[in-house]
Amino acid sequence: MGRFIGGFLATMVFGVIVSKTMYQFKHLICPVEFDGSSLVISNCDPGYVFNQQTFNLPLGIQGILSLFGVSWTTVSLRPIHFHGAVMAMFASLIAPFGGFLLAASNGLSNSRISET
């Protein structure tokens, strides 16, 4: 159980760090145009998901933080961090079961049972 929780937390941290690293590169967030001889990265204004925004913390999270002596009521993040966290949560919690179910279905398929 400890490895599962540790893997989950490590994947969550990795997902947020990767999303933070990737939005710093213009060629990953702006459209690329082809001018006939080469690719040109346009100078665009990043969408709202890449801009810093202030979010109010729910009272439950404020209560948990107050147990540790932290009195935050708001937090400033970019919405892309939430996207990275959700993708990491999927990769850590749901995706491994797909591999397990695939292996189980291949192992129990009728064609394999009839061959033995």
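Side-chain atoms are counted along with the backbone in the values below, which use heavy atoms only and exclude waters and symmetry mates.
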**Request:** Output yes when a side-chain donor or acceptor of Ser92 lies under 3.5 Å from a complementary backbone atom of Ala88, and no otherwise.
**Result:** no

**Fill in**
Rounding to 0.5 Å, atoms CH2 (Trp72) and OG (Ser66) come to a distance of 13.0 Å

**Asked** Are Tyr48 and Phe50 in one and the same hydrophobic cluster, where Ile, Leu, Val, Met, Phe, Trp and Tyr link if side-chain heavy atoms are under 4.5 Å apart?
**Response** yes

**Complete:** Taken to the nearest 0.5 Å, the spacing of Ile80 CD1 from Tyr23 OH works out to 9.5 Å

**Message:** Measuring from atom CE of Met87 to atom CZ of Phe14, what distance do you get when rounded to the nearest 0.5 angstrom?
**Reply:** 12.5 Å

**Request:** Output the distance between atom CG (Leu77) and atom CG (Asn51), rounded to the nearest 0.5 Å.
**Result:** 13.0 Å

**Request:** State yes or no: do Ile94 and Met12 share one hydrophobic cluster built from I, L, V, M, F, W and Y residues joined by side-chain heavy-atom distances below 4.5 Å, directly or via other members?
**Result:** yes

**Prompt:** side-chain contact (heavy atoms from CB on, under 4.5 Å) with Met22: which residues, sequence neighbours excluded?
**Reply:** Val18, Leu28

**Prompt:** Pairs in or reaching into residues 52-62: which pass side chain to side chain donor-acceptor pair (under 3.5 Å), with residues at least two apart or in two chains?
**Reply:** Gln52-Arg78, Thr54-Ser76

**Fill in**
Hits for ring pair (Phe, Tyr, Trp, His ring centres under 6.0 Å) against Phe82, two or more places apart or cross-chain, chain-then-number order -> Phe55

**Request:** Would you please name every residue forming a side-chain contact (heavy atoms from CB on, under 4.5 Å) with Ile5, sequence neighbours left out?
**Result:** Met1, Leu9

**Prompt:** Would one find more than 12 heavy atoms of other residues, nucleotides or ligands at under 6.0 Å from atom NE2 of His83?
**Reply:** no

**Request:** Name all residues meeting the side-chain contact (heavy atoms from CB on, under 4.5 Å) criterion together with Ile61; count only those two or more places apart in sequence or in a different chain, and write none if there are none.
**Result:** Leu57, Pro58, Leu65

**Prompt:** Mind checking what makes side-chain contact (heavy atoms from CB on, under 4.5 Å) contact with Thr21, not counting sequence neighbours?
**Reply:** Ile17, Phe25

